[in-house]
Amino acid sequence: MKRYQTFGVTSPEESQREKNHKQLAREAAAEGIVLLENNGALPVLPGKIALYGPGSRKTVKGGSGSGDVRERHSVTIEEGLLNAGFTFPTTLWMDRFEQKYLSEVAGWRERVEQSIRGYGPARTMQMFFKVGEQPMPCPSCTPILPDELTDETDTAVYVLSRQAGEGKDRRVEKGDYLLSDLETESLKRLSEHYKKLILVLNCGSVIDLSILEEVRIDAVLFYGQGGMEGGNALADILTGKVNPSGRLTDTWAKRYEDYPCADTFGHRNGNLENEEYSEGIYVGYRWFEQQNIKPRYPFGHGLSYTTFEKTVSAVSGQEAITVKNTGSTAGKETVRLYVKKPDGRLDHEKRSLITFAKTGLLSPGGSETLTLPFDLWNISSFDETNNAFVLEAGTYTLYLDDSQCGTVTLSEEQIRPISRHELKETFSERVQKLLGTLSDRDKAKIVTGGGYPLTAYNQVMGAAGRTCTTLLKKGVPNIVLADGPAGVNVVPFVTMLKIGVPGYKNGLPEDWRWGWVKKMEPILKFFSKGGTDIYRYMTAWPSETVLAQTWNTDLLERVGNAIGTEMKETGVSVWLAPGMNIHRNPLCGRNFEYYSEDPLLSGKMAAAVTHGVQDMGGVGVSIKHYCCNNQEDNRSAVSANVSQRALREIYLRGFEIAVKEGKPWTVMSSYNQVNGTYVCNSRELLTGVLREDWGFEGVVMSDWGATDPCSHAEGINAGNDLIMPGSPANAKELYENLKAGKLDREALNRSAGRILELIFKSETCKDF
Ligand code: BGC
């Protein structure tokens, strides 16, 4: 029997696969950029341009934390513009900023090193968690000095950047949600000096744009975080090579205070223990419309370099919309249909998104008819008194964007009570046989992740997790689980030594060079002679918000295909993505890792990516973080106190769509509590809703360390099959809990069986 196997390629050259996926990443990034404002300044032909702002040379390609990717190379905005044929009469501002940036990086490294002093090998994981909690802050900008202006061009681009990530929410402070004084000053100065000023927002999520009321800015683009090809994609949009077709998936308020829960969200009211979801179902545009608050940009907003005319050619269940390009530039358009429910017993939002579609590239004068099937149950109300979904009787009015375009009438109320199906778990013969040969101790190990061992049957360095690695001789190989969602997050270069241990002859990956691990580097290099060099250069995709802004499920499926291909190339079996929590408030530090404020859109996007990955065969996804992980401060303890109605209609609905339509292999339970119970210990959420209501048949895994503050055993009892990342101590504790009667034997068997099924359907174990 093989002791280990290795995946990845042995040539350091950029492969054809990398080139193809780069192309797709560029297409996706360009299609996800939203043109927020344009007074005619765009498009602009390549020529001389003045470029400023932290994101120009130090473009933020994605957020920080587990969702990072170690790609071969990221194209910055400066580089993208150069590639497109732009030239910069002055780079003085960028050069000076770079100096400041480098010294800030050095200072930050020093501070982080101080904070992890005293962490030895036994606390390596905790050490890296600590490092992860302190991402390099986006350096504040420097003023624009007179000698940094140029008269050789009348057009300036300013790239404003923000960084955010897991473990920390954003703040309504200058330099974060608000523009800093220096940013405001810089934009004023540029606006005075240049005839045309283009503002590029290189941030993961919404920021305050009150500046537009003060300063003349000719065009504003929400570039977001565009992944490794972002710089090229932006150039495509600026020059008009690609006509912007991205549309917002969130409402951008005029002022932060306009959002629901503005004052109570997370840290804002000082209560990080309990988060009251008092706005109920009124999240995002549902809130703004109900309160009659005019946002700066509504959900779905986005400009184009052309114009479209939309006509409804059929209604009532078989909507068909013809979109005609009435301008002089080729372009794509998104069509969104909303439904207004009839007035009835239950309060409800003014309207909700029911379906959407996107045209192909329409040449001037060209048209396309899109059919938009929909299912009214996707916007049904949850009636708490009867514990049922309802579609009340009456007329459902359809809106094409803002215009009424049809109706559907239900003469009687339709009710779908919550019906729980009995779990009928049947395992394959192979798994049944294997389960019969395994001891209780073995099963306790199977339901516990493999931790971070040096060797494993399938070992992909840098991957976030693996299943149990110590039962190989008993017929249980392990599989590898890697983050997500910005790409497949693994270490790009290792040397596989003959004994199956990875070596680092070229040094450790940059993000491992911390604390005691960094001190070991010379020794590791010394012992890394010989062996096979393995390269795993993965694509860094645009953030999920940017992907959703394409409104293009076919494109997301293709991105999923590409991710599945990369997983197979590297030996990763489960991709810890897509993330699909709802953008409840713009301050959530991880919003960039999620799609939207709207559950239907989130569910459809997640289902598309899931199909894309899983259609490649032998690889699967983990939709996360199920559920209500809508804030990062105190994420591992906070209780999301939410009504059943909002839970069902807003926070679970996207997951429901993704589970039913996408059939993901696994689901990741979240760190937080919902109504006072840890999700990873909640039988109601993990078995009741997920399996008995929705028919989910895969594996549920905990988020990393999520069961630590509650109970590992209760996790298994509740239906959280796999405790991640897992350690021998966790497995031992479970075994003892089994003996003490705290861990249910049937639940243990069931979870172990599900995990074995997952392992054996993985490509990496198919020949085992
Ligand atoms: C994150 C997950 C991630 C996991 C593994 C956790 O901190 O919340 O999204 O998949 O780490 O890296």
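Atoms within a ligand are numbered from 1 in the order they appear, just like the ligands themselves.
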Protein contact of atom 7 (O) of ligand 1 - nearest heavy atom, named by residue and atom, plus distance: E166 OE1, 2.7 Å

Protein contact of atom 6 (C) of ligand 1 - nearest heavy atom, named by residue and atom, plus distance: D703 OD1, 3.0 Å

Looking at [X], which atoms of ligand 1 are within less than 4.0 Å of one of its heavy atoms?
X: A464; answer: 5 (C), 12 (O)
X: H625; answer: 2 (C), 8 (O), 9 (O)
X: M668; answer: 10 (O)
X: D483; answer: 3 (C), 5 (C), 10 (O), 12 (O)
X: K624; answer: 2 (C), 3 (C), 9 (O), 10 (O)
X: Y671; answer: 6 (C), 7 (O), 8 (O)
X: R635; answer: 7 (O), 8 (O)

Pair W704 + Y671: ring centers closer than 6.0 Å: no

Ring center gap for W108 and W514 short of 6.0 angstrom: yes

Are [X] and [Y] in a cation-pi contact, defined as NZ or CZ under 6.0 Å from the six-membered ring centre and within 45° of the axis?
X: R536; Y: F493; result: no
X: R123; Y: Y119; result: yes
X: R117; Y: W516; result: no

Residues R70, E510: salt bridge by 4.0 Å N-O rule: no

N-O pairing of R72 and E18 below 4.0 Å: yes

Residue portion contacting ligand 1 (non-hydrogen atoms closer than 4.0 Å) for [X]:
X: M701; answer: neither
X: E593; answer: neither
X: M724; answer: neither

Plane angle bin for Y626 and W694 - parallel if under 30°, tilted between 30 and 60°, otherwise perpendicular: perpendicular

Minimum heavy-atom distance between A164 and G589, given as atom pair plus value: CB-O, 3.5 Å

Test of proximity, W704 against ligand 1: N or O pairs below 3.5 Å: no

contact_flag F129 ligand 1 heavy-atom lt 4.0 Å: no

